[in-house]
Amino acid sequence: MGYVPIKGGKAAIEAAEELVRYFRLRGGSAPLEVKQIQDQMRLAVDRVMGEGSLYAPFHAALALKQAEGDTIEASFLLRAYRSTLPRIGYSLVADTREMAVIRRISAAFKDIPGGQILGPTRDYSLRLLDFQLAEESLTHIREFMGKFIPGAIRGEKGGMGDVLPSFPKVVDMLRAEGLLETPNKTEEAEEIIDITRQPLTFPAPRAARMQVMARGETGGLMALAYSSMRGYGNIHPTLGELRVGYVPLRVHHRTRPDEVVTVGRVLVTEAEVIARMDAGEDGIPRFTLGYGLCFGHNEIKAISMAVLDRTMRTGSKEAPAEDEEFVLYHIDGIEASGFTAHWKLPHYVTFQSVLDRLRRAQLVGRNEEGSQ
Amino acid sequence: MKEMWDISWFDPVYSSQRVFRQLLDCMARPGKIAELRGGEGESGDFLYVVALALTLMDEETTFATLGPGWEEFVSFCKFYTGSRPAAPEQADFVFIDGDRPGPELIQVRRGNLLFPDQGATVICRVNAIYPGAFQSAGEGIVLRLRGPGVPGERELTVAGLARENLACLEKLNSEFPLGVDTILVSVQGQLACIPRSSGMTWC
Amino acid sequence: MREKKVQSGYNFAFLDEQSKKEIRRRMLKAVAIPGYQVPFASRELPIARGWGTGGLQLTMSLIGPEDILKVIDQGSDDVVNAVNIRKLLVLTTGVRTTEDTREATLIQTRHRIPEEPLEDWQILVFQVPYPEPLRRVEPSEVKTREMHAEADYSRLWVYLYEDIVRWGEITIGAQYPVMVNGRYVMDPSPIPRWDVPRLNMAETLYLFGAGREKRIYAVPPHTRVEPLQFTDYPFRVEDFRCKQCALCGSVDTYLDEIIDDTTGARRYICSDTAYCAKRRRLKEEAGENA
């Protein structure tokens with residue numbers, strides 16, 4: 001009976017899955033080891049852990065392999081995996097003053113207690129393609145490590161020794177001098193909701209805003225934060241402190257609730273931006289603060305978060321970055337990418353329905369023309 | 001009667017799925033009666049209330065009990081569901097004995113116009129529930145429900161339900177969409193629901 | 001006791017029990033307040049946001065080992081997305097599936113209500129892209145929630161009125177806004193107008209899940225569901241007069257328009273492919289018997 005366009009779904013899906021595998025492998029190179037991705041695609045792994053909302057370096061690396069390097073797809077794989085894991089418990093609040101720091105800078109002060117620690121950064125490298133990397137071999141790696149490691153152990157390589165240092169926070173200094181807003185009491189008293197267990201409603205508590213941003217897509221956060229920095233907003237951030245390092249995670253002992261147990265540590269990036277002054281309840285002007293924290297080493301994301309944290313507390317909704325609904329509803333990479341991709345699904349039924357309306361409207365239009 | 005603390009009969013995956021489907025069916029068809037009992041004719045003061053608690057409650061929820069006799073049940077819920085006890089006006093789930101007039105019932109959360117779903121769920125333990133108007137020896141109240149889920153009018157008879165409590169529920173639900181949703185559960189395992197959308201008369 | 005891990009390592013119906021509990025609690029509230037959108041936390045699934053994760057989470061929280069499942073997209077059981085969703089559900093539950101509407105206890109659908117009448121032992125789960133019917137007139141969730149709270153639907157009525165002034169007709173095709181139980185305006189999901197009257201005073205429970213937008217809502221059976229309309233511009237379903245299905249000859253079903261590859265001729269076939277096949281089978285049997 002001829003053409004039926006929608007049959008054969010199952011076979012088509014299976015064939016597509018085979019093709020995906022083929023396209024990944026057809027170059028004939030050696031298979032990528034997950035360990036290699038975990039080690040050498042460090043920043044991609046960190047990004048996927050953040051956007052995938054699961055601190056699991058191996059799983060993030062595996063997801064990157066499976067997704068052929070597409071970070072949004074890899075984050076999606078990680079999030080879906082996350083849904084199957086039971087919630088065993090909640091950690092205690094981590095204090096980033098305890099962070100074992102690998103990198104720490106302030107743009108506000110030339111000299112800060114403990115000093116500026118550049119750590120692993122490309123910020124000042126010339127962005128020239130390094131063709132030597134194309135020839136990198138195990139011999140090159142051994143040679144480099146042979147030279148680097150002894151120096152690092154002697155503590156010559158800034159913060160790369162056995163024991164990573166921790167430092168006081170720049171904003172604490174400002175706060176001690178009364179230059180910075182004091183923490184909002186009502187915010188501190190709020191019960192911290194878990195946005196993966198309880199629905200997000202507006203106005204959203206700050207903790208919920210932070211959680212949405214911490215899972216947000218780096219590019220999406222950056223675009224909105226950039227819009228504010230560029231002119232759609234009036235925040236004028238100064239980077240008080242940016243730090244990257246390991247914070248310990250602690251929980252109450254399951255059977256001995258008085259006891260606190262350290263169960264591991266996570267690498268995080270933290271940004272604190274000092275923003276324009278505001279008069280507090282006592283009428284005295286003080287600097288305001290924006291805060292960002294995300295899994296792994298992802299400075300653009302932490303800074304963008306901190307800027308958006310501040311813009312969303314502006315009170316006005318004149319610029320997109322100041323409207324919490326606008327920001328929080330549009331930065332999730334998994335949601336945005338899923339919906340953007342869903343237009344590829346068939347819409348025969350709705351299109352037929354719209355077609356019916358268009359034909360009818362054309363008919364009405366022509367009749368009116370005819371009667372004039 | 002089974003010991004409350006022995007929940008080996010309740011499978012966390014399959015029993016809660018089955019109980020939930022019965023609840024949903026009854027909530028969608030106010031006044032319709034479902035049988036929770038497994039077949040061998042069990043009954044128990046707390047057996048079916050426990051089944052509802054295990055089906056609906058977890059760490060994310062709070063609950064309150066009104067009146068005496070619920071102390072052990074409170075410990076049970078804390079231990080097995082992780083749900084936290086709260087004052088009646090704050091609790092997500094409120095347990096009450098149908099035959100004991102509970103004036104605190106009037107304080108139960110009704111939600112607000114922005115979030116009417118924050119109105120509480122009242123779980124009301126009664127002696128028995130029968131379909132239709134069935135008044136033997138004057139025991140039991142005949143309830144007549146109207147509204148969404150009911151073709152015309154549905155009647156059911158409930159034994160062990162004080163009129164004061166019904167009046168209280170009616171008052172709580174007088175400003176739709178604000179209100180509470182009630183689950184009637186009998187010690188013999190019958191289940192019926194009165195969502196806030198139901199109009200209710202009784203005699 | 002039944003084996004819980006149906007497919008390597010995953011819980012029955014994929015979601016963990018806590019997630020199901022939350023969704024179940026929300027479903028009960030949705031049923032108790034017909035047409036009102038209940039917020040929920042919404043889990044990520046191995047299927048992308050916007051591809052039916054809301055409907056899926058409802059189905060996963062509803063489904064039991066005794067259920068007989070049907071999944072359709074655009075009315076068809078064999079469209080890729082329906083196949084994919086069915087695959088995930090079967091993989092994690094092992095339930096029986098069917099294409100026969102009259103046999104299914106649980107039906108998940110995108111964009112259609114099956115043609116055959118549904119009964120009180122069945123549940124229809126809709127996948128919803130946009131749960132908010134007021135979104136076309138107001139982008140802010142805070143404001144639309146206030147409008148629902150106050151039952152203030154004036155801006156939507158103005159929108160419909162302006163549509164008529166401009167085009168001589170209400171131009172909304174699918175996803176036609178309806179009033180539920182005289183209280184809440186609701187988005188019936190992108191079903192064609194053809195299906196809208198079937199929501200009114202039905203035998204079946206209708207559940208709606210929007211995963212990305214994180215909302216659950218419901219129309220219980222025997223509930224008034226009225227399309228928004230003006231007395232002089234009444235609501236009208238799609239016009240298939242003088243058209244019939246090229247496969248089964250049906251003149252009373254929703255039709256898909258097909259343009260023939262070679263001839264370019266326009267033909268129509270039933271959107272509900274299982275019903276179409278059933279009709280053809282019955283016709284053949286009747287022919288053989290005669």
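Numbers restart at 1 for each chain; the letters A, B, ... are given by sequence-line order, proteins then strands. As a basis for the values below, the full set of heavy atoms in this structure was taken, side chains included, without hydrogen atoms, waters or symmetry mates.
Without hydrogens or angle criteria, Tyr176(C) side chain to Phe235(C) main chain gives no donor-acceptor distance under 3.5 Å. With hydrogens and angles disregarded, a donor-acceptor distance shorter than 3.5 Å links the side chain of Lys29(C) to the backbone of Ala120(B). A distance-only check finds no donor-acceptor pair linking the side chain of Gln190(B) to the backbone of Tyr130(B) [under 3.5 Å].
Among Gly179(B), Ser197(B), Cys193(B), the residue with the largest count of heavy-atom pairs under 4.5 Å with chain C is Ser197(B). With chain C as the partner, the residue from Leu114(B), Asp181(B), Ile194(B), Leu113(B) showing the most heavy-atom pairs under 4.5 Å is Leu114(B). When the candidates Asp92(B), Asp58(B), Thr55(B) are compared by the number of heavy-atom contacts under 4.5 Å with chain C, Asp58(B) comes out ahead. Taking chain C as the reference chain and counting heavy-atom pairs below 4.5 Å, the highest number among Pro195(B), Gly149(B), Ser16(B) is found for Gly149(B). Chain C forms more heavy-atom pairs under 4.5 Å with one residue of Arg29(B), Glu60(B), Met27(B), Arg196(B) than with any other, namely Arg29(B).
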Residue pair Asp25(B), Arg21(B): steps toward the salt bridge (charged side-chain N to carboxylate O under 4.0 Å, His left out) verdict: CA-CA 6 Å; Asp25(B) 188 38; Arg21(B) 281 287 282 272; over 6 Å; no
message: Assess the residue pair Arg96(C) and Glu103(C) against the criterion (salt bridge (charged side-chain N to carboxylate O under 4.0 Å, His left out)); give the C-alpha distance rounded to whole Å, side-chain angles, the decisive distance to 0.1 Å, and a yes or no.
response: CA-CA 11 Å; Arg96(C) 251 184 77 201; Glu103(C) 194 189 16; 2.5 Å; yes
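Counting only N and O atoms by type, the side chains of Thr61(B) and Arg25(C) include no donor and acceptor under 3.5 Å apart.
Salt bridge Glu22(C)/Arg43(C): present, at least one basic N to carboxylate O contact under 4.0 Å.
Of the two parts of Glu17(C), only the side chain, counted from C-beta on, holds a non-hydrogen atom closer than 4.5 Å to a non-hydrogen atom of chain B. Residue Asp16(C) does not touch chain B at all, counting heavy-atom pairs closer than 4.5 Å. For Arg183(C), the part lying near chain B is the side chain, with the backbone staying farther off; criterion is any non-hydrogen pair under 4.5 Å. With a 4.5 angstrom heavy-atom cutoff, Ile183(B) does not touch chain C via any of its atoms.
A cation-pi contact links Arg125(B) to Phe46(B), judged by a cut-off of 6.0 Å to the six-membered ring centre and 45° from its axis.
Evaluated for a side-chain contact (heavy atoms from CB on, under 4.5 Å) with Val185(B), the options Ile129(B), Leu47(B), Leu36(B) yield exactly one hit, Leu36(B).
Between Phe73(B) and Trp70(B), the ring planes are perpendicular. Angles over 60° get that label, and only those under 30° would be called parallel.
With rounding to the nearest 0.5 angstrom, the CH2 atom of Trp202(B) is 4.0 Å from the CD atom of Glu170(B).
Residues of residues 197-226 of chain C that come within less than 4.5 angstrom of chain B, heavy atom to heavy atom, are Glu203(C), Thr204(C), Leu205(C), Leu207(C), Pro220(C), Pro221(C), His222(C), Thr223(C) in numerical order. Along residues 108-140 of chain C, the residues that come nearer than 4.5 angstrom to chain B, judged on non-hydrogen atoms, are Asp120(C), Ile123(C) in order of number.
Between Tyr184(C) and Pro34(C) there is no side-chain heavy-atom pair separated by less than 4.5 Å. When side chains are defined from C-beta on, Arg155(C) counts as touching Met147(C), because their heavy atoms get closer than 4.5 Å. With a 4.5 Å cut-off on side-chain heavy atoms, Leu156(B) and Leu145(B) count as touching.
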